[in-house]
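Values below: all heavy atoms of this structure, side chains included; hydrogens, waters and symmetry mates excluded.
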Amino acid sequence: MSVLLALLSGALSGFLVALAFPPAALWPLGWVGLAPLFRALGRSTPGGAAAAGGAFGLVSAALAMSWLTVPTAVGWIAVALYFGLFYAALGPVLRAVCVLRNRFGPVLVAAAWVGGDLLIGRLFTGIPWLMVGYSQVERTRLIQIADVTGVHGVTFLTALSAAVIAAAWDARERPRRGLLAPLGLWAALAIATLVYGEMRGRQFGGAAREDGPWVAAVQPNIPQALKDSAVAVEGREVFERNDRLSLEAAGADPRPDLIVWAETMNPAPLYPLGPGDDPPYGANRLAFATLARARYRTALLLGTLYYTEPLRRGAPYPPFHNSAILFTRDGRESGRYDKLHPIPWAEYIPLGLRFVGDILERYAGFDMKMIAGREPVVFRFGPEESWSFGALVCFDVIHARTACRMVAGGARFLVNLTNEAWFGESAEFDQLLGIARFRAVENRVSLVRATNSGISCLIDARGDVVARVRDRAGRDRGVGGVLRCRVPVRTRPAVYTVAGDAFAVSCAVLGLAAVLASAAAGLRSKRRKFF
């Protein structure tokens, strides 16, 4: 296959996979979209495989993540190029598996693909966004397997389907009878997955759960332009919108046990206080402690930026965290969680390439000096601190390991604080909600989303959205309101919570073994030709 045809095949796969995600959400394409790429990899030179992989990464990211153009076209280009370069490097590696003439070749291809997902999810803190398994989030029975394998199990099934199609497409070089084994295995795995999903879905649906605390998630619907303003009047309006909705929630019966403000809803960033320091609007830790104790009379989880040193007039901004701070009902500051996974090329610059950061900041229009937190934090509140949760800030929710570590550390439910007003009312809302639903299924816990402009909701342990903020017209984004819900909690951890990415790591090892076997076979072939 020529390099040009390989490039076009990769671009076609990227286009099909992008359509499997919202806004198109053509989920069946998730089962076939990778087939043109896999066929091209099996029929190309290493250079053609790199071209096919690069085209796939560039096109899929550029289309599926086009919502990045709302806050920054520069960031959109940078992320698309990053995906393109990653899959260009991965292409020749996957080619070594695709060219194997083995009865279970499609299984090895699917395993290697999952290994690639594992790598992009961890490299430079990772961007594990476009995993094909996420496109199947509405197939409730299918995704229940995630409590064992994570999203990688669903991705494996979809990649195996595409690999079998690619092999059948190439039947001139691969006898059709050789497809019976992988096709039969795929059918058996799909049926077993659906049966398992039906059983687990019944177990975690309906009333089979333990009731927990009442939580109020505040959705103030602050326009990003207003939120970013440095003028005191606008900053006070941000505070007052959140305060008004919180006071409304606190006055309801029953009174919530926890009120949650969305990501960075504190209009004045916090920092270590020194003598005489007094942030504007009184929005410091003492003021929020007073709000929790005297005004709301309940625990308050605050989303805020937290600078590593006091801000000085005329001085450049110091590095900062994106944080969540819990103030208990008695006014104590119970703990702070700092976002563990800043987004590479958007919130921080990998490899210390500060000069690249300076260029991106100049054209993107926002600071990229965010620093990562050190450890997950489990917050405790309520009578005798009997309830516990983990707070995933912003895109931390796309990192399954972080959620697992929180639940394994004692969190009985999860909270996701986000501000998606950056992205207008785009498909980013639906994509991130779908990812959050997988986190709930993987750990078999409820997840509360508290967002600025939508979609604030309660997700149960089955992955279903059981309550959300809506206006009278039924809109769930670009609206304000409060989500009041009693959060189901449970104490028994899921298999995935304990085992983590054991399935994905096994796939990566299997894929690597196939690459080495292919390399060894190539060397033997060359030696035979030489002698």
Side-chain angles (χ1 to χ4, degrees), residues 27-28 30-31 110 114 117 128 131-161 185-212 389-390 392 397-408 410-414 416 433-449 457-468 485-507:
W27 64 267
W31 296 86
V114 170
D117 275 357
M131 297 182 182
V132 182
Y134 285 134
S135 67
Q136 308 301 306
V137 67
E138 296 294 343
R139 317 276 70 78
T140 305
R141 290 187 183 89
L142 180 72
I143 69 171
Q144 301 307 310
I145 193 67
D147 71 352
V148 177
T149 65
V151 66
H152 302 292
V154 183
T155 296
F156 179 84
L157 279 176
T158 57
L160 179 57
S161 171
L185 178 61
W186 173 83
L189 289 175
I191 292 171
T193 297
L194 292 174
V195 171
Y196 178 85
E198 178 65 21
M199 295 170 54
R200 298 295 271 178
R202 291 181 180 179
Q203 180 179 356
F204 291 101
R209 60 199 188 191
E210 175 189 344
D211 285 329
F389 67 94
L392 298 162
V397 76
I398 73 177
H399 296 276
R401 286 192 307 159
T402 301
C404 283
R405 292 170 67 187
M406 289 177 175
V407 176
R412 300 183 69 187
F413 66 97
L414 296 170
N416 179 209
L433 173 60
I435 292 172
R437 291 171 66 180
F438 265 91
R439 298 295 88 85
V441 175
E442 288 165 350
N443 297 282
R444 292 302 179 191
V445 295
S446 301
L447 188 149
V448 178
R449 300 190 75 231
C457 61
L458 170 64
I459 304 168
D460 68 11
R462 190 170 175 259
D464 290 329
V465 178
V466 296
R468 67 177 77 197
C485 56
R486 191 166 193 181
V487 180
V489 297
R490 60 187 305 271
T491 57
R492 182 179 299 176
V495 172
Y496 185 75
T497 303
V498 178
D501 286 327
F503 172 80
V505 171
S506 299
C507 286

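For Ile435 against Val397, the heavy-atom pair with the smallest separation is CG2-O, 3.7 Å. When all heavy atoms of Val132 and Gly30 are compared, the closest pair comes out as CG1-O, 3.4 Å. Annotation for Val441 and Ala146: closest pair CG1-CB, 4.0 Å, computed over non-hydrogen atoms. Closest non-hydrogen pair, Ala411 versus Gly390, comes out as CB-N, 3.5 Å. When all heavy atoms of Val137 and Gly434 are compared, the pair lying nearest together is CG2-O, 3.6 Å. Looking at every heavy atom in both residues, Ala403 comes nearest to Leu414 through CB-CD1, 4.0 Å.
Side-chain atoms of Ser446 come within 3.5 Å of backbone atoms of Pro488 as a donor-acceptor pair (strictly under, hydrogens ignored). Judged by distance alone, the side chain of Thr193 and the main-chain N or O of Leu189 form a donor-acceptor pair under 3.5 Å. The main-chain N or O of Phe503 is never found under 3.5 Å from a side-chain atom of Thr149 such that the two would form a donor-acceptor pair. Between the side chain of Arg449 and the backbone N or O of Leu458 there is no donor-acceptor pair closer than 3.5 Å.
With sequence neighbours excluded, the residues forming a side chain to side chain contact (heavy atoms under 4.5 Å, CB included) with Leu194 are Arg141, Leu142, listed by chain and number. Among residues two or more places apart in sequence or in another chain, the side chain to side chain contact (heavy atoms under 4.5 Å, CB included) test is passed with Val498 by Pro493. Partners of Thr402 by side chain to side chain contact (heavy atoms under 4.5 Å, CB included), not counting sequence neighbours, listed by chain and number: Tyr337, Leu340, His341, Leu392, His399, Met406. Here Arg139 pairs with nothing under the salt bridge (charged side-chain N to carboxylate O under 4.0 Å, His left out) rule; sequence neighbours left out. By the side-chain hydrogen bond (donor to acceptor under 3.5 Å, both in side chains) test, Arg401 pairs with no residue at all, sequence neighbours left out.
A distance of 5.0 Å separates SG in Cys404 from OH in Tyr496, rounded to the nearest 0.5 Å. In this structure, CZ in Phe438 is found 14.0 Å from CD1 in Ile398, a value given to the nearest 0.5 Å. Rounded to the nearest 0.5 Å, atoms OH (Tyr196) and CD1 (Ile145) are 5.5 Å apart. Once rounded to the nearest 0.5 Å, the distance linking CH2 of Trp31 with OG of Ser135 reads 9.0 Å.
Sequence neighbours left out, the pairs with a member in residues 435-444 that pass side chain to side chain donor-acceptor pair (under 3.5 Å) are Tyr134-Arg439, Glu138-Arg437, Gln144-Arg444, Asp147-Arg444, Arg439-Glu442, Asn443-Thr497.
Between Asp464 and Arg462, at least one side-chain N (NZ, or NE/NH1/NH2) sits under 4.0 Å from a carboxylate O, which counts as a salt bridge.
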query: Can you check side-chain contact (heavy atoms from CB on, under 4.5 Å) on Phe413 and Val407, steps first, answer last?
result: CA-CA 7 Å; Phe413 66 97; Val407 176; over 6 Å; no
- request: Just do the side-chain contact (heavy atoms from CB on, under 4.5 Å) check on Ile459 and Leu433 with the steps written out, would you?
  value: CA-CA 9 Å; Ile459 304 168; Leu433 173 60; 3.9 Å; yes
